[in-house]
Participant: 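What follows is a structure written as structure tokens; I'll ask about it next.
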Amino acid sequence: MLFRDNISNMSSLGYVSGYVKKFIHLVQLERDAEMIKHEKEIKTLSGRERERKGRALLNMRGKKTGTGLGGRIHVKYSKKGEGTQLPEHEISVGDLVMLSKKDPLNPDNPTATVTEKTTYSLTLAFDSTPPPYLLKGTCRIDLYVNDVTYQRMLEALKKVDDASGRLKKLTAVLLGFKAPSFNPVKSHNPINQKLNRYQMQAVQKALMAKDIYLIHGPPGTGKTVSAVELIHQSVEAGNRILACADSNVAVDNILEKLVESGVKAVRVGHPARVTPLLREHTLDSMIEDNPRYLQVRQLRDKAFQLIEERHKQPYPHMRWRRGMSDNKILRLASQGAGSRGVSGAKIKEMAKWVKLQQKIDAFFDGAQEKEREIIEQILQDADVVCTTNSTAGSELMQERSFDLLVLDEATQSTEPSALIPLVCAKKVVLAGDHKQLPPTVLNQEAKRLGLSQSLFERLMRLHDDKIRSVLRIQYRMHADIMDFSNKAFYNGALIAHDSVKNHRLGDLGYPEGANPVIYLDTSDECPKEKTRMGSTSKINPLEADYIKAILRLLLNAGVPPADIGVISPYDDQVNLLRMNNPIELRDELEIKTVDGFQGREKQVIIVSFVRSNPGGDIGFLSDLRRLNVSLTRAKRKLILVGDSKTLSKNKTYQNLIKYLHERASVYIRLEDFRI
């Protein structure tokens with residue numbers, strides 16, 4: 001790779017502008033695809049069908065619960081009927097939702113952001129007072145497009161196009177005009193004494209990097225632990241850090257580890273996991289705990305009291321104003337005069353409304369100013385600010401600069417998403433694994449043109465090992481569970497740590513007779529995959545029944561449901577598996593798609609491959625990163641259920657079946673199955 005060291009000509013050569021134009025086009029394609037997806041579903045599916053798919057909630061009742069950051073109105077929505085659980089749904093904290101009474105596609109329907117999610121309710125934040133009809137009777141809540149995120153991607157791309165100073169130098173490395181550079185070798189003593197040599201080497205190299213560095217962390221190798229060590233050492237050196245990830249869950253993970261390590265961190269945005277530990281470190285909570293926040297609350301209370309009083313006054317409609325400004329109305333009222341055919345009495349009446357509105361505005365402005373001062377103090381005092389990529393582009397964060405950006409789970413971010421936090425940092429360290437799931441991209445044209453390739457992966461291809469450290473020791477899986485993925489995806493580079501390489505369910509006191517890896521081969525049964533009417537997803541009722549029986553064996557053996565995860569690549573199979581299980585287990589037993597288990601782990605993982613057909617068609621299972629994620633979530637027991645005849649049409653799956661016959665317990669009949 002030849003680098004152009006004269007970066008002053010970057011823009012004139014057209015490379016930067018071409019790069020920016022390309023990604024602006026791809027972002028717009030993806031935005032349109034997401035809007036079309038939701039609007040098409042809302043048009044073609046009934047509310048009940050969309051609720052069954054998990055993208056809408058019907059018959060929801062709202063109740064105001066107060067105000068949050070920025071004076072946003074919080075409303076808690078639950079199902080009609082006290083104590084009614086919400087059905088399984090995809091709506092998560094941070095999502096934008098649309099609320100409606102009758103017509104869900106009415107452009108005037110208000111939107112709100114989900115701030116809290118429980119089994120029984122969703123709490124939504126409205127930027128302004130929600131219409132009264134959303135608090136009377138019932139309404140519908142639909143998952144919708146979060147257009148703010150797309151706009152922030154476009155803003156970040158424009159900043160890259162107009163880059164100067166440090167951002168221009170960073171862009172030079174991003175686009176291959178300049179090789180990554182490093183400071184001289186300097187020994188750093190680790191703060192976390194439990195780091196292994198590969199983790200210490202990765203942190204050391206990342207600290208030496210002047211511009212960009214990659215930490216490649218295969219499953220269970222402590223990628224986030226290494227990122228936290230890097231952050232901690234950078235804080236000790238007096239740097240201001242921004243820690244980001246694409247999803248709320250991933251941000252929460254890094255925040256939790258930072259807090260445990262003693263770093264002073266603040267979470268900007270809405271945590272997905274609402275735990276006391278995380279809540280305590282959110283910006284909203286820290287604002288409310290600030291002694292000066294009482295003044296903010298008092299000012300807002302006064303404003304709301306005056307709003308109630310203002311409602312009693314006639315509103316100065318345009319037919320009475322007749323072009324008169326507020327100041328003119330007040331001046332005429334003080335003189336007892338009329339104007340333009342409007343009587344003095346009417347003007348005095350309007351002046352009462354105007355005076356109340358001015359007081360209301362003053363109270364709200366005062367509250368906002370004091371809140372802004374509190375926020376500034378909190379963010380200045382924090383060593384690390386943690387946000388999603390999107391929130392890093394919010395008005396609150398936009399003008400801030402940081403010495404270091406650490407982007408965790410970087411291979412799950414599209415490149416424009418990663419640019420949102422990148423444009424406000426002097427140096428960037430990306431942590432991820434390009435052998436696991438790529439960013440989710442809906443638009444096939446955008447995917448073909450490169451939107452599904454992460455910045456991490458492009459930089460790795462561009463600069464190779466000059467810019468990357470690989471973590472090798474994994475602390476999650478039994479060696480037999482690790483072995484296939486290790487050879488198929490990591491060239492045998494992974495090493496199982498002594499603490500996990502032989503650990504089994506039996507070590508936890510549960511009866512166990514079979515190997516850590518079990519395969520239940522359904523190929524002797526006739527093909528069982530099906531497609532529901534109107535769906536492009538797949539189900540396999542036979543596998544669902546088998547998994548229900550396997551779960552019963554595990555639960556009877558004493559394995560807690562919280563220690564078990566069930567994975568399937570197909571949404572419809574996930575829904576079928578959920579319906580197949582007792583309602584009392586649904587809160588504790590996690591049944592999710594492969595994407596939903598990225599970055600997660602359980603003592604026991606059961607995988608339903610679903611595909612079973614005479615043609616050997618495995619659909620998007622042929623994206624082998626999906627297989628890698630599925631096989632590497634289990635700590636002590638991995639149970640695979642699938643049709644070997646169908647799967648073996650693919651070379652990698654054929655190798656997997658061969659490996660299972662050599663190293664695993666293989667069953668072809670459910671009645672012979674043993675855990």
Side-chain angles (χ1 to χ4, degrees), residues 30 32-58 86-92 95 97-98 104-105 140-145 437-438 440-447 452 522 525-548 566-581 583 586 589-598 606-623 625-627 629-630 641-643 646-647 649-650:
E30 184 64 8
D32 291 347
E34 191 171 348
M35 290 185 75
I36 289 166
K37 172 192 166 186
H38 286 290
E39 289 178 2
K40 184 179 177 183
E41 266 199 11
I42 292 170
K43 280 179 184 175
T44 58
L45 299 182
S46 68
R48 292 280 178 208
E49 287 171 319
R50 194 159 151 86
E51 186 174 55
R52 277 199 294 273
K53 283 185 170 288
R55 294 193 271 275
L57 292 168
L58 309 180
L86 299 183
E88 290 280 352
H89 61 89
E90 297 176 7
I91 302 171
S92 300
D95 280 341
V97 294
M98 182 172 59
L105 286 174
R140 168 175 169 170
I141 298 175
D142 276 277
L143 181 62
Y144 198 54
V145 179
L437 289 178
T440 301
V441 176
L442 296 175
N443 184 278
Q444 293 305 306
E445 179 72 358
K447 185 181 286 189
S452 63
T522 63
E525 303 285 343
C526 60
K528 288 293 181 181
E529 74 173 56
K530 296 180 180 179
T531 304
R532 285 181 170 146
M533 189 178 295
S535 175
T536 57
S537 189
K538 303 287 180 185
I539 60 169
N540 188 317
L542 176 71
E543 287 188 15
D545 289 342
Y546 280 8
I547 287 169
K548 184 177 181 180
V566 183
I567 299 176
S568 177
Y570 289 94
D571 285 329
D572 282 2
Q573 182 74 351
V574 166
N575 291 334
L576 179 61
L577 288 163
R578 285 171 176 165
M579 287 189 293
N580 254 17
N581 284 288
I583 194 164
R586 289 183 191 170
L589 180 65
E590 287 193 70
I591 303 174
K592 292 183 176 178
T593 61
V594 183
D595 303 60
F597 260 104
Q598 173 99 343
I606 307 170
V607 180
S608 169
F609 287 113
V610 178
R611 301 313 297 260
S612 176
N613 57 75
D617 179 13
I618 64 168
F620 78 155
L621 267 67
S622 57
D623 182 344
R625 290 170 293 191
R626 211 162 235 101
L627 174 63
V629 172
S630 301
V641 182
D643 178 349
T646 299
L647 297 175
K649 297 294 183 179
N650 175 282

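Reckoned from all heavy atoms, side chains included, excluding hydrogens, waters and symmetry mates.
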Participant: Return the set of residues passing salt bridge (Lys or Arg N to Asp or Glu O under 4.0 Å) with E90 (not counting sequence neighbours), or none when no residue passes.
Facilitator: R55
Participant: Between E34 and K37, does any side-chain N to carboxylate O distance fall below 4.0 Å?
Facilitator: no
Participant: Tell me every residue that passes ring-ring contact (aromatic ring centres under 6.0 Å, His included) with Y144, counting only those two or more places apart in sequence or in another chain.
Facilitator: none
Participant: Name the residue from S608, S568, S537 that meets the side chain to side chain donor-acceptor pair (under 3.5 Å) definition with Q573.
Facilitator: S608
Participant: Checking S452 side chain against V441 main chain: does a donor-acceptor pair fall under 3.5 Å?
Facilitator: no
Participant: I need the single residue from N540, T646, N613 that forms a side chain to side chain donor-acceptor pair (under 3.5 Å) with E529. Which is it?
Facilitator: N613
Participant: Could you tell me the separation between the CG atom of L576 and the CG atom of D571, rounded to the nearest 0.5 Å?
Facilitator: 12.5 Å
Participant: R611 side chain to G642 main-chain N or O, any donor-acceptor pair under 3.5 Å?
Facilitator: no
Participant: Could you tell me whether a side-chain N or O of T522 sits under 3.5 Å from a main-chain N or O of E525, the two making a donor and an acceptor?
Facilitator: no
Participant: With no hydrogens and no angle check, is any side-chain donor or acceptor of R140 less than 3.5 Å from a backbone partner on A56?
Facilitator: no
Participant: Excluding sequence neighbours, so at least two apart, what forms side-chain contact (heavy atoms from CB on, under 4.5 Å) with N650?
Facilitator: I618, S622, L624, T652, Y653
Participant: Looking at S612 and K528, would you say the former's side chain and the latter's main chain have a donor-acceptor pair under 3.5 Å?
Facilitator: yes
